[in-house]
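For reference, the structure discussed in these notes is given below.
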Amino acid sequence: MKQFPILYWPRKTKADPDYQLARKVINNSTGVMPEIVTGDVDLVDILEKNPSGTVYYPVFCESTGWWGELLGGNAVVTDKLIISPECQLMVIESEKMAAKASKSGKNQLLAAEIYPASGFFKKMNSGIATVADMLATDAGTILALFSGKSQAQFINVLESTGNSYLGCIGRY
């Protein structure tokens, strides 16, 4: 059975240029037009029914904390496709499929709570870890999502740059 890519789109699709562009980007990347899911999305359910499938999840510029929907599931973000200044697509696969891909050196997203030192942003964008998304908390910490290949190297870079690493809240 052929697995089609799945595009989750929480907005109206009619006359939405980001929606049309997202479909085009997915088609160019996979060679197949995606199936569309609107309304509420259950990533765990989708990936259980399509274990080798890929979900494209849009993150709009006004979105905050979007990765919380992945916690507790076997969903892993394996890539990010920028489709416009207002929207990027997170490429999500099952943990099993992502594990196969990560053995080939593919990036994954790593989440951590950090008490940042001065120069945090300049120091953290490196070949080992690049800031993908973040959310500041009232306590002065940052919940950050990084793109990188190795969780161990990621933690070493965090600590060696003078940041207080308070713990990993997830590995995607």
Side-chain angles (χ1 to χ4, degrees), residues 2-47 49-50 52-95 97-98 101-102 104-114 116 119-137 142-149 154 169-172:
K2 179 147 176 74
Q3 293 288 331
F4 288 94
I6 298 165
L7 172 60
Y8 163 63
W9 201 260
R11 298 177 169 184
K12 291 183 180 180
T13 58
K14 188 172 181 164
D16 184 342
D18 282 333
Y19 168 73
Q20 295 299 330
L21 193 53
R23 289 179 41 139
K24 182 178 179 180
V25 166
I26 294 167
N27 185 39
N28 289 343
S29 176
T30 65
V32 179
M33 276 300 208
E35 291 184 18
I36 309 302
V37 173
T38 59
D40 291 334
V41 65
D42 183 347
L43 289 172
V44 174
D45 185 52
I46 289 173
L47 293 173
K49 291 177 181 174
N50 305 291
S52 61
T54 303
V55 177
Y56 292 82
Y57 188 106
V59 177
F60 302 99
C61 64
E62 71 273 6
S63 300
T64 57
W66 61 270
W67 64 88
E69 293 185 25
L70 302 178
L71 292 174
N74 69 345
V76 178
V77 178
T78 57
D79 200 3
K80 175 174 74 170
L81 303 172
I82 298 172
I83 62 166
S84 77
E86 290 80 34
C87 182
Q88 55 191 341
L89 295 175
M90 296 298 160
V91 182
I92 302 171
E93 298 177 31
S94 71
E95 192 170 35
M97 294 303 292
S102 70
S104 65
K106 202 171 185 183
N107 278 355
Q108 58 187 317
L109 292 186
L110 307 162
E113 185 172 5
I114 300 154
F120 167 74
F121 300 103
K122 188 165 71 172
K123 293 176 184 175
M124 281 314 304
N125 285 320
S126 69
I128 294 171
T130 303
V131 177
D133 198 4
M134 65 182 58
L135 180 66
T137 69
I142 292 177
L143 299 177
L145 203 58
F146 296 88
S147 174
K149 291 184 173 116
F154 163 70
I169 60 168
R171 179 178 176 186
Y172 303 108

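Each of Ile26, Ile92, Val37 was compared with Ile6 under the side-chain contact (heavy atoms from CB on, under 4.5 Å) criterion, and only Val37 meets it.
The aromatic rings of Trp9 and Phe60 stand perpendicular to each other, their planes meeting at an angle above 60°, with 30° marking the opposite boundary.
For the atom pair Asp40 CG and Tyr8 OH, the distance stands at 6.5 Å (nearest 0.5 Å). The structure places CD of Gln88 at 5.5 Å from CD1 of Ile82, a figure rounded to the nearest 0.5 Å. With rounding to the nearest 0.5 angstrom, the CD1 atom of Ile36 is 4.5 Å from the CG atom of Leu7. Between the CG atom of Leu81 and the CE atom of Met90 there is a distance of 9.0 Å, given to the nearest 0.5 Å.
Here salt bridge (charged side-chain N to carboxylate O under 4.0 Å, His left out) pairs that include residues 12-28, with residues two or more places apart or in two chains, number zero.
Using a 4.5 Å heavy-atom threshold, the side chains of Val91 and Tyr56 count as touching.
When the shell of 6.0 Å around CG of Asp45 is examined, it contains more than 12 heavy atoms from other residues, nucleotides or ligands.
Closest of all the heavy-atom pairs between Gly53 and Leu47 is O-CD2, 4.0 Å.
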